[in-house]
Protein chains: 2
Amino acid sequence: MKKNLTGDAKPAEWPVNPNTSKAAKRTAAQPDTTNAVPSGTVSRVIRRSKEQAPRHAASAAVAPVPGSALADAETGAATRRKPHRRRPTGRVTIADVAKHANVSPMTVSRALKNPAQVLPEARARVEAAVVALGYVPSHAARTLASARSRVVGVLVPSLTNAVFVETLAGIQDCLGAAGYQFLIGNTSYSSAKQTELLSMYLTHAPDGFLVTGIDESDAIRERLAAARVPVVHMYDLSRDPSEWTVGFSQQNAGYAITQYLLERGYRRPGFIAAQLDPRTMRRRTGFRRALRDAGLDPDLEVLTPEPSSVGLGTRLLVEMLERAPDCDAIFCNNDDLALGALFECQRLGIRVPDQLAIAGFNDLPSSAWSTPSITTVTTPRYQIGFQAAQMLLQILEGKTPKKNRIDLGFTLTPRQSA
Amino acid sequence: MKKNLTGDAKPAEWPVNPNTSKAAKRTAAQPDTTNAVPSGTVSRVIRRSKEQAPRHAASAAVAPVPGSALADAETGAATRRKPHRRRPTGRVTIADVAKHANVSPMTVSRALKNPAQVLPEARARVEAAVVALGYVPSHAARTLASARSRVVGVLVPSLTNAVFVETLAGIQDCLGAAGYQFLIGNTSYSSAKQTELLSMYLTHAPDGFLVTGIDESDAIRERLAAARVPVVHMYDLSRDPSEWTVGFSQQNAGYAITQYLLERGYRRPGFIAAQLDPRTMRRRTGFRRALRDAGLDPDLEVLTPEPSSVGLGTRLLVEMLERAPDCDAIFCNNDDLALGALFECQRLGIRVPDQLAIAGFNDLPSSAWSTPSITTVTTPRYQIGFQAAQMLLQILEGKTPKKNRIDLGFTLTPRQSA
DNA sequence: CTGAAAGCGCTTACAG
DNA sequence: CTGAAAGCGCTTACAG
């Protein structure tokens, strides 16, 4: 049986490496020592099932499906179609396991999914068969039969930004443990790209979505709604009470760091930002509000739609100082911009924070270590991922989360640069 | 027809948001304006197909399938089993499209996959039906029927390291364009985690794998071989001629940067490294070889298995200087360590490169911008991803790549720090 | 060029 | 607790 299965296995259809195919040989030659069938009983059962007609075929013979090969065979019709034999996939199926364990496929299915439903002996035989045959469940078949994919679509605007990588880690830690797979999509801050990714993902029938930054596009909202699947929004707090969201107030965070600068005595703070995604714009709103509340005019801004980077930070600092030589503090929309600004100050001989204060946003891993270290806003991005995933999980399990919106807050982290 | 489909659609099984479910209402109420069927002819066709028995059902009525509801209704048998009616999935299927377009499901399938095989008129009707019904193909069904998943498993040791994120971008750009999806696995430099991820991925029956850093684990090699699917190894050059690899010689790169330091006149270079994965160890070998070739003793090393980071770089620098105050240059195994070392020098008042030279590895985006900028080895990680993906694509399409191993090389990038 | 049949590998929904 | 039937939504392999 074992031999047979191995022999039937799908031949390598992809080109064999021009050089000696050592790996392939290794596999083929390798005896299945760990998987040896232990008892004679089991192998006899297997042999019998190979020699007899399959059980299911019997009932078909009693009431043949019209036009089937079997029906024709019985009437002796010469006009029968050739049976459409597919080339064997070579995959070990639940049926193989069932035969090997001398149970029905259903029992195998249960033993795998809900072991408690199956008698210990049967379960043990199934488990042994799984190991012996190297059975790997087919995700496609499971999805098709159960209408649940155990896949979650995750849409983030960037993977270059460490912030979202940490969010992914949080998602992974929560949903991965629950047996979910992810389709990770990098939307590159582009709404067109996001729409495209969404379409691809929809074919995979994800059980849910975890998304960032879809704020403004109606097309995307509609597509998500059409998927009829729960969606949790990350990174901000929705104004819409019908949406599930986990995040914090970007605007309040922008307000807080600006207020901090003002409290420290800086009177002419500027704001530099790249990307200009909705979250950035809300931090900017916070910056402007704080200045106005202090009776100041929020006129110092250098904004660019380019992607954020350390290099860009060096350039934006220069632009800011050219525009406003009296600028005494800069709120950088992200720590990478802040680091670039700091580097540029070092190059120009500007002392930080004495001559110019620099504040960042996000608290990236390196910000605590620069000289001077960077004053910033610490954001709970791992937690955002983890709790958003947890919220989705609850929804998928039919429990209603207590709140539709979780505010994880942020922390002001004063260091040396401001 | 349209209405009917919408009506049958799967109800939201997940809990409705406690607050007004505005999004849901919006979807339900929203008329399908963009999809309005334009011509009277088409709608007539639709209506007809609702009123008549569908073509395919006709044959079923003539020769009922045993046990089906239809058969029982006609025979009036009292002993019939209840038909096992699943709750409808609400999904628009290829059969729905077929009815709408008045063709067979096969024609829809062909029109979608190989439009040239279908007559223009039929194709047009199919395309219209797809839009009208909002048909989304089922990946699970396709995979099950075709035994090809169009999914590729990608295993990288870290997502925190910008290096691998860029590799992912290269893979994305190549394989994404060809319609493949990815299962992105972060192995966290752990072989156990890698084995676990591999098992999960196998259930998805990926068409191929793109992996990094499996060098030493036989368990993983065997699992990959058992998958009977092509595997391309990234980031190094395999010594095994039966493996597909795209990368560069880590050892030569380590040798080159060390030799550069020696040529610049540094006589007492040290090596600091974290993570200690196989690639790191090969760079170290290069470092040692270069020193020996120059008649020097490679005794200055500070190694730690901890994950690499800027913060760690500050600490390793201190350790190195405590161990060897006469150290005059440091080769840091990664640019993040180099940046940390540079920050620490600034803190300690050590002038770089005058008192101590610092060299990094990988050329991360910020390395060009620090003050001083960091001398490093520029590595082709986007290209590694792109070309590895391309190689895999060729294999999957049945073409044999010309070479089983592509050496993308590396570049020495001298800047200010060494 | 088009279509009817069968089947991919599971689970659901029954019955016992 | 266990199993036979049907079906999930496609494509393959035929036949015409």
Side-chain angles (χ1 to χ4, degrees), chain A residues 54-60 63 65-72 79-98 103-123 135-149 203 205, chain B residues 55-56 58-60 65-69 79-89 91-98 103-114 116-123 135-149 203 205:
Chain A
R55 283 200 267 189
H56 298 156
S59 66
V65 175
S68 76
L70 239 165
D72 293 342
T79 56
R80 64 169 163 273
R81 326 171 61 99
K82 247 191 234 164
H84 301 181
R85 296 199 67 76
R86 307 198 151 198
R87 85 181 103 148
T89 65
R91 185 159 192 142
V92 176
T93 71
I94 216 172
D96 297 321
V97 175
V103 295
S104 76
M106 263 321 296
T107 299
V108 176
S109 178
R110 289 195 187 96
L112 260 30
K113 259 191 80 170
N114 216 332
Q117 277 180 28
V118 174
L119 240 36
E121 304 135 42
R123 199 195 313 158
Y135 171 68
V136 175
S138 159
H139 174 263
R142 278 188 169 167
T143 299
L144 193 56
S146 71
R148 289 203 76 199
S149 66
T203 71
Chain B
R55 280 201 271 186
H56 301 147
S59 66
V65 176
S68 77
T79 57
R80 63 169 164 269
R81 318 169 68 95
K82 247 192 233 162
H84 302 180
R85 295 200 65 78
R86 308 198 151 198
R87 86 181 102 150
T89 65
R91 184 157 192 142
V92 176
T93 71
I94 217 172
D96 298 321
V97 175
V103 294
S104 76
M106 264 320 297
T107 299
V108 176
S109 178
R110 289 195 186 97
L112 260 29
K113 258 190 80 169
N114 215 332
Q117 277 178 29
V118 174
L119 241 38
E121 303 135 41
R123 197 195 314 158
Y135 171 68
V136 175
S138 160
H139 174 264
R142 278 188 169 168
T143 298
L144 194 56
S146 70
R148 291 203 74 197
S149 65
T203 71

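Proteins come first, then strands; the chains are lettered A, B, ... in the order of their sequence lines, and each starts at number 1.
- For the OP1/OP2 pair of C:dG9 and a distance below 4.0 Å, the side-chain nitrogens and oxygens of A:S138 include no atom meeting the criterion.
- Proximity of B:T89 to the phosphate of D:dG9: a side-chain N or O atom is located under 4.0 Å from OP1 or OP2.
- Panel note: side chain A:S146, backbone A:R142; a donor-acceptor pair is recorded below 3.5 Å.
- Mapping B:A116 and B:A141 onto DNA chain C by nearest heavy atom places B:A116 closer to the 5' end of the strand.
- Remark on DNA chain D: of its neighbouring residues B:A95 and A:V118, the 5'-side contact belongs to A:V118, judged by nearest-heavy-atom nucleotide.
- Whole-Å rounding puts the A:I94 CD1 to C:dT11 C1' distance at 8 Å.
- Comparing D:dG3, C:dC10, C:dG3 by their closest approach to the side chain of B:R110 singles out C:dG3.
- Comparing C:dC1, D:dA4, D:dG7 by their nearest atom to the side chain of B:L119 picks out C:dC1.
- Residue B:T93 places no side-chain N or O under 4.0 Å from the OP1 or OP2 atom of D:dG9.
- Remark: side-chain polar atoms of A:T203 are not paired, donor with acceptor, to backbone N or O of B:P137 under 3.5 angstrom.
- Under 4.0 angstrom from either OP1 or OP2 of C:dC10 there lies no side-chain N or O belonging to A:S109.
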### Structure string for DNA chain D in dot-bracket form, Watson-Crick and G-U at under 3.5 Å, | interchain
|||.||||||||.|||
### Derivation and outcome, side-chain contact (heavy atoms from CB on, under 4.5 Å), residues B:V136 and B:V92
CA-CA 7 Å; B:V136 175; B:V92 176; over 6 Å; no
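- Between B:N114 atom CG and C:dG3 atom C1' the separation is 17 Å, expressed in whole Å.
- Here the P atom of nucleotide D:dC1 and the CZ atom of A:R123 are 9 Å apart, to the nearest Å.
- Contact annotation: A:T143 side-chain N/O to C:dC10 OP1/OP2 distance is not under 4.0 Å.
- Residues satisfying the side-chain hydrogen bond (donor to acceptor under 3.5 Å, both in side chains) criterion with B:T143, sequence neighbours excluded, are B:H139.
- With rounding to the nearest 0.5 Å, the separation of CG in B:L112 from CD1 in B:I94 is 6.0 Å.
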### Task
Quick one: do B:T107 and B:Q117 satisfy side-chain contact (heavy atoms from CB on, under 4.5 Å)? Show the steps, please.
CA-CA 9 Å; B:T107 299; B:Q117 277 178 29; over 6 Å; no
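- Rounded to whole Å, the distance from CZ on A:R91 to C1' on C:dC8 is 10 Å.
- With rounding to whole Å, B:H139 atom NE2 is found 13 Å from D:dG9 atom C1'.
- Atom CE of A:M106 and atom P of C:dT12 are 8 Å apart (whole Å).
- Residue A:Y135 places its side chain closer to C:dC10 than to any other of C:dC10, D:dG3, D:dG9.
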### Query
What's the verdict on side-chain contact (heavy atoms from CB on, under 4.5 Å) for B:D96 and B:Y135, showing C-alpha distance, side-chain angles and the deciding distance?
CA-CA 9 Å; B:D96 298 321; B:Y135 171 68; over 6 Å; no
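- Between B:D96 atom CG and D:dG9 atom P there is a gap of 9 Å when expressed in whole angstrom units.
- Remark: side-chain polar atoms of A:R110 are not paired, donor with acceptor, to backbone N or O of A:R123 under 3.5 angstrom.
- With rounding to whole Å, B:R142 atom CZ is found 16 Å from D:dC8 atom C1'.
- Contact annotation: B:T107 reaches the phosphate of C:dG3 (side-chain N/O to OP1 or OP2, under 4.0 Å).
- Side-chain atoms of B:K113 lie closest to D:dT11 of the nucleotides C:dT2, D:dT11, D:dC1.
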